[in-house]
Amino acid sequence: MKKPLVYITSLSLCIALNLSGCGSQTIPSSDKQSSNVETPPAQQAIAVPVPVYERTEIISSPDEAKQLLIDGNERFTSGKPLSKDLSPTRRGDLMKNGQHPFAVIVSCSDSRVPPELLFDQALGDLFVVRVAGNVITPVELGSIEYAVEHLKTPLVVVLGHEECGAVTAAVQGGTTHGSIGAIIEKIKPSVDSAKAMGLTGRDLIEMSTDLNMQNALRDISKSPIIKEGVEVRQVKMIGIKYDLDEGILQFSNE
């Protein structure tokens, strides 16, 4: 004989409740304990938002600009870079109000030396001129002059780095192809000066790198626009050598 529909429905409901753990079952003691376990420190750290990098929009002091680079590099080397505002709002502000970079960075094109990363800077902060060997030709100099004269950028940095491939090629000599020779010719006077000191091997390469940075600064200082800014103390020029593996900066004579 068929059982009443209400009986079958009640029986199905009881089975479902038992399978799902409902009813008179209690939570095992281990589950109770786990519910009181604190969140691991690693998970807590993930939940903490990273502060957004902010700076004064207009930087007119060369020393203040230099300190921003120092502070940013310390964050980079410690592995604690700040979050960057890359939002459409920030991009729109830069379009509407224009750019106000606080430093010109003449950097080697080496992929291991990205200025925005190693100085922990964001959109609109740095006016970067990248060229292999961080050499100065009229094209690079014109870019620097534009930043200083039109954007009122107070700090000009020549950023070299250890084990520079362009400098190493100039030291080793040999045949070059295409337009690479133009870069080597700009570096060669520094190599000749380093060789005159009796240096060889790695010491020769690193001294050539240092002298090449100084020659670049000297080439920049010949610009009437830059010279005027330096004379009235509105512009400062410095050389910085970047350590590839340690990530730290070595400031040369200013």
Side-chain angles (χ1 to χ4, degrees), residues 51-85 94 98-110 112-131 134-136 140-141 143-162 164 206 209-223 225-244 246-254:
V52 177
Y53 173 65
E54 295 180 342
R55 68 170 176 87
T56 303
E57 188 69 21
I58 305 296
I59 303 294
S60 57
S61 166
D63 291 334
E64 185 178 355
K66 177 182 175 182
Q67 190 60 50
L68 285 174
L69 295 182
I70 294 173
D71 294 342
N73 181 251
E74 288 178 353
R75 294 193 299 269
F76 171 74
T77 56
S78 64
K80 299 178 180 178
L82 296 179
S83 179
K84 308 298 184 300
D85 184 359
L94 288 169
Q99 58 174 320
H100 301 100
F102 65 84
V104 181
I105 310 293
V106 183
S107 169
C108 180
S109 297
D110 193 299
R112 300 165 294 180
V113 191
E116 289 86 354
L117 294 182
L118 62 92
F119 289 120
D120 193 34
Q121 301 299 315
L123 295 174
D125 294 329
L126 303 178
F127 192 90
V128 180
V129 181
R130 300 195 71 175
V131 56
N134 43 267
V135 298
I136 302 298
E140 286 78 32
L141 187 55
S143 298
I144 299 167
E145 290 175 338
Y146 173 80
V148 170
E149 184 175 39
H150 294 276
L151 303 180
K152 307 304 178 185
T153 307
L155 184 65
V156 177
V157 177
V158 173
L159 179 64
H161 65 95
E162 66 172 338
C164 178
E206 296 309 315
T209 299
D210 296 342
L211 294 176
N212 183 56
M213 289 168 51
Q214 294 300 321
N215 282 342
L217 287 168
R218 192 173 298 112
D219 288 340
I220 296 172
S221 68
K222 295 176 183 178
S223 162
I225 294 174
I226 306 301
K227 185 181 297 184
E228 180 181 355
V230 172
E231 288 176 351
V232 298
R233 299 182 181 277
Q234 292 180 347
V235 178
K236 179 177 287 188
M237 299 190 305
I238 61 175
I240 300 178
K241 190 175 183 180
Y242 175 65
D243 188 293
L244 288 178
E246 295 185 8
I248 59 176
L249 308 175
Q250 176 185 347
F251 290 81
S252 63
N253 295 332
E254 301 175 18

Exercise. Measure the shortest side-chain to side-chain distance between Asp219 and Leu141 over non-hydrogen atoms and say whether it is less than 4.5 angstrom.
Key: no
Exercise. Decide yes or no for Asp110 and Tyr242: does some side-chain heavy atom of the first lie under 4.5 Å from some side-chain heavy atom of the second?
Key: no
Quiz item: Between Met237 and Ser221, what is the shortest heavy-atom contact and its length?
Solution: CE-CB, 3.5 Å
Practice problem: Indicate yes or no: at least one non-hydrogen side-chain atom of Val135 is less than 4.5 angstrom from one of Asn212. | Solution: yes
Quiz prompt | Pair Asp120 + Lys80, salt bridge at N-O below 4.0 Å | solution = no
Exercise. Starting at CD1 of Ile238, measure out to CG of Leu69 and round the result to the nearest 0.5 Å.
Key: 6.5 Å
Quiz item: Counting only N and O atoms by type, is there a donor-acceptor contact under 3.5 Å from the side chain of Thr153 to the main-chain atoms of Ala147?
Solution: yes
Quiz item: Can you tell me how far the CD atom of Glu116 sits from the CG atom of Leu126, to the nearest 0.5 Å?
Solution: 5.5 Å
Quiz item: Mind checking whether Leu118 and Val113 have side chains closer than 4.5 Å, heavy atoms only?
Solution: yes
Self-check item: Glu145 versus Ser223, closest heavy-atom pair with distance
Solution: OE2-OG, 2.5 Å
Quiz item: Around atom CD of Gln250, are there more than 12 heavy atoms of other residues, nucleotides or ligands at under 6.0 Å?
Solution: no
Practice problem: Enter the distance from Leu68:CG to Leu155:CG here, rounded to the nearest 0.5 Å. | Solution: 9.5 Å
Quiz item: Which is it for Met213 and Asn134 under the side-chain contact (heavy atoms from CB on, under 4.5 Å) test, yes or no, and what are the steps along the way?
Solution: CA-CA 7 Å; Met213 289 168 51; Asn134 43 267; 4.1 Å; yes
Quiz item: How far apart are the closest heavy atoms of Val158 and Ala216, and which atoms are they?
Solution: CG1-CB, 3.9 Å
Exercise. Begin from the C-alpha positions of Tyr146 and Leu151 and carry the test side-chain contact (heavy atoms from CB on, under 4.5 Å) through to its verdict.
Key: CA-CA 7 Å; Tyr146 173 80; Leu151 303 180; 3.9 Å; yes
Exercise. Would you name the heavy atoms of Ala65 and Pro154 that are closest together and state the gap between them?
Key: CB-CG, 4.2 Å
Quiz item: Checking Glu162 side chain against Leu244 main chain: does a donor-acceptor pair fall under 3.5 Å?
Solution: yes
Quiz item: If every non-hydrogen atom of Pro115 is compared with every non-hydrogen atom of Leu159, which pair is closest and at what distance?
Solution: CG-CD2, 4.4 Å
Practice problem: Taking the side chain as every heavy atom from C-beta outward, state whether Ser252 and Gln214 have any pair of such atoms under 4.5 Å apart. | Solution: yes
Self-check item: Pair Gln67, Asp63: side-chain N/O donor-acceptor within cut-off below 3.5 Å
Solution: no
Quiz item: How close do Lys84 and Ala122 get, heavy atom to heavy atom, and via which atoms?
Solution: CD-CB, 3.6 Å
Exercise. Enter the distance from Ile240:CD1 to Ile248:CD1 here, rounded to the nearest 0.5 Å.
Key: 12.5 Å
Quiz prompt | More than 12 heavy atoms of other groups within 6.0 Å of Arg75 CZ | solution = yes
Self-check item: From Ile144 atom CD1 to Ile220 atom CD1, the distance as rounded to the nearest 0.5 Å
Solution: 3.5 Å
Quiz item: Is any side-chain heavy atom of Phe119 less than 4.5 Å from a side-chain heavy atom of Ile105?
Solution: yes
Quiz item: Considering only heavy atoms from C-beta outward, does the side chain of Phe102 approach that of Ile58 to under 4.5 Å?
Solution: no
Quiz item: Which distance, rounded to the nearest 0.5 Å, do you find between the CZ of Arg130 and the OG of Ser107?
Solution: 4.5 Å
Quiz item: Between Lys152 and His150, is there a donor-acceptor pair closer than 3.5 Å when you use the side chain of the first and the backbone of the second?
Solution: no
